[in-house]
Amino acid sequence: KNMETVAKETRRQTGVALDVGEIFVDIPYPDNIPDSEEELIHDKHASNPAYGELLESAVTVFIKESGLVESDVVYDLGCGAGKMVVQVAVESPAGKVIGIELSPTRYQCAVAGLNNLKKIKEGEEAVKKIKMIEGDIIAEDWTDGTVVYTSWTAFSRAFKQRIVDKAATCPNLRWFISSE
């Protein structure tokens with residue numbers, strides 16, 4: 001089966017009716033950030049500030065395959081606009097879903113998406129599970145994570161190793177998932 005088919009079947013089975021894309025429809029896509037933020041990302045982590053995000057269908061498959069439960073604490077390291085954070089909170093039983101983003105511009109997009117979710121009745125329970133953090137994914141504490149995701153295609157090899165080393169300190173980590 002392809003991802004779209006699995007996503008549709010999963011949504012039908014779980015009864016999720018909320019379209020996460022609509023929550024972000026009025027928020028500018030955060031692929032262009034100020035030069036100062038690009039420099040911040042490059043200087044802190046010798047990484048490329050390129051932006052990308054998983055398709056909603058891929059996030060639905062992530063939710064299904066990772067077997068999220070109410071006791072899970074899910075982190076999206078480098079969450080960008082926070083779409084994955086919102087979708088995981090809406091579509092899964094995970095107890096906490098936390099996004100960490102270094103770019104102030106992208107973090108503000110994530111906050112705007114969270115504010116839009118607060119306005120929707122179907123989003124009331126999901127909002128309680130979400131936390132967005134503007135910060136450095138190495139400096140922030142995510143050692144309580146049970147499921148950690150990062151899209152690290154733009155990260156330097158040295159920075160990836162720092163993330164892996166930190167993940168090794170997470171006592172309850174079940175899944176560390178990256179896209180590359």
Side-chain angles (χ1 to χ4, degrees), residues 14 16 18 20-21 23-24 27 30 33 37 40-41 44-45 47 49 51-56 58-120 122-155 159-160 162-179:
T14 59
V16 172
L18 186 61
V20 174
I23 294 166
F24 291 88
I27 299 169
I33 57 175
E37 291 181 30
L40 172 69
I41 292 168
K44 275 202 165 279
H45 305 301
S47 296
Y51 182 74
E53 55 192 39
L54 289 178
L55 297 173
E56 282 185 54
V59 176
T60 300
V61 172
F62 163 87
I63 291 165
K64 182 176 182 181
E65 296 300 317
S66 60
L68 296 175
V69 296
E70 194 173 324
S71 61
D72 276 321
V73 179
V74 180
Y75 279 87
D76 181 355
L77 307 179
C79 69
K83 290 181 181 179
M84 180 176 176
V85 172
V86 168
Q87 186 174 349
V88 171
V90 167
E91 294 183 8
S92 84
K96 292 182 185 176
V97 187
I98 303 158
I100 303 174
E101 177 55 50
L102 182 62
S103 161
T105 299
R106 292 176 180 156
Y107 169 76
Q108 288 304 320
C109 290
V111 170
L114 184 55
N115 288 336
N116 283 351
L117 182 62
K118 289 176 182 177
K119 298 173 190 173
I120 302 169
E122 295 88 346
E124 290 174 0
E125 288 303 310
V127 167
K128 296 175 188 174
K129 302 193 292 185
I130 296 173
K131 182 176 182 182
M132 300 292 189
I133 300 170
E134 181 181 356
D136 181 335
I137 61 178
I138 297 299
E140 294 296 331
D141 181 14
W142 43 273
T143 55
D144 62 334
T146 58
V147 178
V148 176
Y149 168 79
T150 187
S151 175
W152 66 6
T153 55
F155 295 164
F159 187 56
K160 290 175 185 177
R162 290 175 68 196
I163 295 170
V164 168
D165 291 346
K166 185 161 183 171
T169 69
C170 299
N172 300 311
L173 186 64
R174 293 189 305 112
W175 288 96
F176 179 85
I177 303 164
S178 67
S179 58

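Since this is a predicted model, take the numbers as computed values, not measurements.
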First locate atom CD of E101, then atom CD of Q108, and finally report the distance between them rounded to the nearest 0.5 Å.
11.0 Å
Heavy-atom closest pair (A110 atom, G80 atom, distance to 0.1 Å) is CB-O, 3.7 Å
Do S179 and S151 pair up side chain to side chain, a donor and an acceptor below 3.5 Å, judged on atom types alone?
yes
Between K166 and I137, which heavy-atom pair has the shortest distance, and what is it?
NZ-O, 3.9 Å
Quick one: are I138 and I163 in side-chain contact, heavy atoms under 4.5 Å?
yes
Do Y149 and V88 have side-chain heavy atoms sitting under 4.5 Å apart?
no
Check V74 against A94 and note the closest heavy-atom contact, atom names and distance.
CG2-CB, 3.9 Å
Which atoms form the tightest heavy-atom contact between V86 and I130, and what is the distance?
CA-CD1, 4.0 Å
Gap between atom CZ of F155 and atom OG of S178 - 0.5 Å precision
10.0 Å
From K160 NZ over to T153 OG1, what is the distance, rounded to the nearest 0.5 angstrom?
7.5 Å
Side chains of T60 and Q87 in contact at under 4.5 Å (non-hydrogen atoms):
yes
As an exercise, state the distance from CD of E56 to NZ of K83, rounded to the nearest 0.5 Å.
7.5 Å
Would you tell me whether Y75 and T146 have side-chain atoms, one donor and one acceptor, within less than 3.5 Å of each other?
no
Could you grab the distance from atom CD1 of I63 to atom CD of E65, nearest 0.5 Å is fine?
11.5 Å
Side chain to side chain donor-acceptor pair (under 3.5 Å) filter on T150, not counting sequence neighbours, yields none
Any side-chain heavy atom of W175 sitting closer than 4.5 Å to one from V148?
no
Atom CD1 in I100, atom NZ in K131: separation rounded to 0.5 Å?
9.0 Å
Check: I98 and D76 side chains under 4.5 Å, non-hydrogen atoms
no
With a 6.0 Å cut-off (strictly less than), is the heavy-atom count around CH2 of W152, excluding the residue itself, greater than 12?
yes
Evaluate L40 against L102 for side-chain contact (heavy atoms from CB on, under 4.5 Å), listing each step before the verdict.
CA-CA 8 Å; L40 172 69; L102 182 62; 3.9 Å; yes
Between M84 and L54, what is the shortest heavy-atom contact and its length?
SD-CD1, 4.0 Å
SB check D72 K96 (cutoff 4.0 Å):
no
Please report the shortest heavy-atom distance between I33 and S103, naming the atom on each side.
CG2-OG, 3.7 Å
